[in-house]
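Notes to accompany the following structure.
For reference, positions follow the sequence shown, starting with 1. When reading the values below, keep in mind they use all heavy atoms of this one structure, side chains included, and skip hydrogens, waters and symmetry mates.
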Amino acid sequence: MFEKGMTRRNFLTGAALAGVAAAGAGLAGCSTSAETNAGTAGETMKGGNAWETVPEPITDIASTVETDILVIGAGLSGCACACAAAENGGKVTVVEKTSTWNGRGGGFGAIKSRYMDDQGIVVDKVNAKQHWIAQCASRANEDLISKFFADSEEASNWLLDKVEKHGCAVIVGAFYSHDDVYAEQPGYHMAMAPKDGDLTSTGFVGAEVLYLDAVAAGAEFVFDSPAVQLIKDESGKVAGCICQAADGNVRYNASKGVVLATGDIGGDADMVKAYAPIAAEYGQPRSQYTPVGANTGDGHKMGMWVGAKLQDLPLPTMMHPQAFCWFHGPFLFVNDDGKRFMCEDTWVQGKSLAINRQPNGEAWSVFDANWKTDLVNGLPYGGGMFWDSFRPYGSDVSAAPEYFETQIPNYIKLGNAFQADTLDELAKGIGCDAATLKATVDRYNGMCEAGEDTDYYKKPVFLTPVKEGPFYALKVGPALLTVTGGLKVDVDFKCLDENGMAIEGLYALGNCMGDVTAVDYPINVAGNSHGRCITFGYDLGKALAKA
């Protein structure tokens with residue numbers, strides 16, 4: 001797994017673990033000669049990247065903490081694991097590099113839940129599974145996907161019980177595509193904090209609720225304590241880790257296991273360029289991850305240093321076209337030159353990747369005064385994120401244009417959208433040649449009238465002309481939410497080495513875990529990233545507590 005070569009000990013990039021780079025040259029030894037932190041210090045893995053250099057072990061230890069289960073990272077998957085473990089009698093310690101738990105996003109995806117049962121919502125598991133595999137180019141681990149499908153209901157109901165006890169409102173969304181080619185499934189749950197209460201989340205409350213319940217069940221959380229190095233005992237088992245604290249390095253010994261729940265690599269520009277280059281130029285700089293810059297692939301690095309294998313490259317990205325306007329529908333798309341370049345009725349990731357290849361990594365959704373009627377007429381055949389509003393399941397499709405009608409003026413105020421009485425004026429807003437834009441619109445309108453898109457073969461139901469003013473142009477650009485790839489694991493979430501053998505004592509969850517997605521993020525089960533964090537965190541927490 002290792003090659004001789006790069007021997008420098010300053011192994012972290014400027015975007016890597018906060019506070020570690022300056023100390024990198026001085027890191028040395030574990031507490032006994034029988035232990036090791038990884039391969040051989042100073043050797044470099046096959047990629048040859050700076051962060052792939054194995055650091056020297058740390059020997060300067062200020063204090064030691066004994067625990068059973070050590071979870072590194074207090075995001076959604078880490079909090080789920082800690083909560084499930086503590087509730088099942090486990091002695092749990094969670095170390096987190098930032099000053100608090102971390103949560104983001106609008107909800108989570110489930111294959112089944114009691115909320116779905118109550119509303120008669122049924123996921124077509126065969127369709128969902130096969131589309132997932134296809135969107136991952138048949139390179140994802142089917143056993144992990146099947147495990148999510150099988151365990152989602154129990155874990156989802158576990159969380160739903162919790163958010164209800166905290167007074168949260170829950171809906172299952174209706175905003176999924178009904179397209180036969182880009183088939184998506186219902187099952188996206190949104191759980192929001194009550195206006196009057198102690199919860200602080202402004203979006204999905206899952207991480208906060210799981211953190212609070214984990215603490216109530218006895219889990220200990222240590223913040224402002226970045227993990228910097230894993231420890232192996234003489235048998236090769238990962239037995240703990242070393243964290244940096246204000247008073248010096250703290251060694252955590254974990255008798256039952258160490259769980260890497262450190263998130264993705266999206267905040268480390270060099271890692272993104274090396275492992276997910278498709279997002280490097282436009283997606284990563286527009287990242288909407290919070291807290292900004294915290295997701296620096298810490299678990300990926302520490303895991304690789306002790307022999308864990310990264311899934312096949314390039315890593316899949318969750319890039320959504322939400323960097324500018326959050327509405328663009330299936331309408332005519334043009335680039336900054338005013339030229340059409342794609343079939344617009346594709347899925348979320350498809351839009352992002354196609355736009356990513358355009359000048360400046362941006363495009364414009366162009367439509368006319370009839371957009372509300374066109375949108376409603378198309379929703380029974382398409383839909384999904386950025387095409388439909390965040391409507392609750394069972395609501396009337398007319399709610400979508402009513403919502404976006406209030407949002408478009410906000411986009412205009414921000415300078416990300418334009419409204420004009422003529423296409424010449426619209427072209428000025430876009431910054432393109434008016435003759436080019438008008439020629440594009442004329443050709444598009446002609447195909448709309450003919451009922452056949454001979455350029456990109458958009459479905460006829462979505463061929464809506466651009467004829468009647470006022471005209472609109474909404475700016476569309478991809479943003480990187482997360483890189484959903486990581487370390488190879490088995491169905492028990494144990495990290496695997498280059499020979500496919502489990503590394504005892506080391507586990508990975510969330511976006512530090514690999515192979516459940518590949519090549520691209522399968523949006524056909526919307527919210528599956530959060531859904532997997534909850535389900536797999538719940539599974540692993542219970543299993544470790546009972547081990």
Side-chain angles (χ1 to χ4, degrees), residues 175 282 286 288 320-345 348 351-352 354-355 358-379 382-391 397-449 458 461-479:
F175 39 90
Y282 297 116
R286 297 172 183 161
Q288 296 178 352
H320 289 352
Q322 63 184 62
F324 304 110
C325 298
W326 280 46
F327 170 60
H328 28 82
F331 305 119
L332 168 67
F333 276 22
V334 300
N335 60 22
D336 281 351
D337 295 327
K339 298 177 180 179
R340 189 180 182 213
F341 59 92
M342 68 176 294
C343 175
E344 301 90 348
D345 67 353
V348 170
K351 285 183 178 179
S352 295
I355 295 168
Q358 300 309 302
N360 303 313
E362 60 189 38
W364 301 84
S365 178
V366 176
F367 47 86
D368 72 1
N370 296 304
W371 70 269
K372 288 178 280 188
T373 300
D374 294 337
L375 176 64
V376 169
N377 289 342
L379 281 176
M385 290 193 296
F386 316 107
W387 181 332
D388 196 349
S389 65
F390 288 91
R391 298 180 295 112
V397 294
S398 63
E402 289 174 4
Y403 173 75
F404 290 129
E405 193 172 24
T406 67
Q407 296 305 301
I408 291 175
N410 294 330
Y411 300 146
I412 293 172
K413 288 180 182 178
L414 291 171
N416 289 330
F418 300 96
Q419 177 181 329
D421 292 328
T422 67
L423 290 176
D424 289 272
E425 294 174 9
L426 198 69
K428 289 181 181 179
I430 294 173
C432 67
D433 177 67
T436 300
L437 178 63
K438 287 192 289 185
T440 297
V441 171
D442 286 346
R443 178 168 179 79
Y444 183 74
N445 287 343
M447 292 186 292
C448 292
E449 293 172 1
K458 180 189 286 189
V461 68
F462 304 125
L463 286 171
T464 54
V466 184
K467 287 186 173 182
E468 184 179 341
F471 302 101
Y472 299 86
L474 273 59
K475 194 179 205 179
V476 187

Nearest-0.5 Å distance, CG of residue Asn335 to CD of residue Glu362: 9.5 Å
Parallel, tilted or perpendicular: ring planes of Phe341 versus Phe333, cut at 30 and 60 degrees: tilted
4.5 Å side-chain heavy-atom contact, Phe324 and Arg286: yes
Shortest non-hydrogen separation from Gly361 to Pro478 and the atoms involved: O-CD, 3.3 Å
Ala434 versus Ala427, closest heavy-atom pair with distance: CA-CB, 3.6 Å
side-chain contact (heavy atoms from CB on, under 4.5 Å) evaluation trace for Asp336 with Gln358: CA-CA 8 Å; Asp336 281 351; Gln358 300 309 302; over 6 Å; no
Derivation of the side-chain contact (heavy atoms from CB on, under 4.5 Å) call for Leu332 and Trp364: CA-CA 8 Å; Leu332 168 67; Trp364 301 84; over 6 Å; no
Straight-line distance of Gln322 CD to Met385 CE, nearest 0.5 Å: 7.5 Å
Distance, nearest 0.5 Å, that separates CD of Gln288 from NE2 of His320: 10.0 Å
Aromatic ring pairing Phe462/Trp387, orientation class (parallel under 30°, perpendicular over 60°, tilted between): perpendicular
Thr440 (side chain) donor-acceptor with Gly338 (main chain) under 3.5 angstrom: yes
Non-hydrogen side-chain atoms of Phe327 and Gln407 separated by less than 4.5 Å: no
Which atom of Ala363 lies closest to which atom of Ile355, heavy atoms considered: N-CG2, 3.8 Å
Gap separating the NE2 atom of His328 from the NZ atom of Lys475, nearest 0.5 angstrom: 13.0 Å
Heavy-atom closest contact (Arg391 atom, Ala400 atom, distance): CD-N, 3.9 Å
side-chain contact (heavy atoms from CB on, under 4.5 Å) between Val466 and Asn445, intermediate numbers included: CA-CA 6 Å; Val466 184; Asn445 287 343; 4.1 Å; yes
Parallel, tilted or perpendicular, as decided by the 30° and 60° cut-offs, for the rings of Trp371 and Phe367: tilted
Sidechain-backbone polar pair: Lys458 side chain, Pro330 backbone, donor-acceptor under 3.5 Å: yes
Closest non-hydrogen atom pair between Leu423 and Leu437, with its separation: O-CD2, 3.8 Å
Atom of Ala369, atom of Gly469 and distance for their closest heavy-atom approach: CB-O, 3.5 Å
Side-chain heavy-atom pair Leu379, Asp388 within 4.5 angstrom cut-off: yes
Reported NZ-to-CD distance for the pair Lys372 and Glu402, which is rounded to 0.5 angstrom: 9.0 Å
Exam field: side chain Tyr411 to backbone Trp326, donor-acceptor pair closer than 3.5 Å: yes
Distance, nearest 0.5 Å, that separates CD1 of Ile430 from CZ of Phe418: 8.0 Å
4.5 Å side-chain heavy-atom contact, Phe404 and Leu375: yes
Check: Pro321 and Val348 side chains under 4.5 Å, non-hydrogen atoms: yes
Side chains of Asp337 and Pro359 in contact at under 4.5 Å (non-hydrogen atoms): yes
Pairwise side-chain contact, Phe471 with Val366, heavy-atom cut-off 4.5 Å (strictly under): no
Stepwise side-chain contact (heavy atoms from CB on, under 4.5 Å) test for Asp368 and Asp374: CA-CA 10 Å; Asp368 72 1; Asp374 294 337; 4.2 Å; yes
Residue pair Ile412 / Gln419, side-chain heavy-atom distance below 4.5 Å: yes
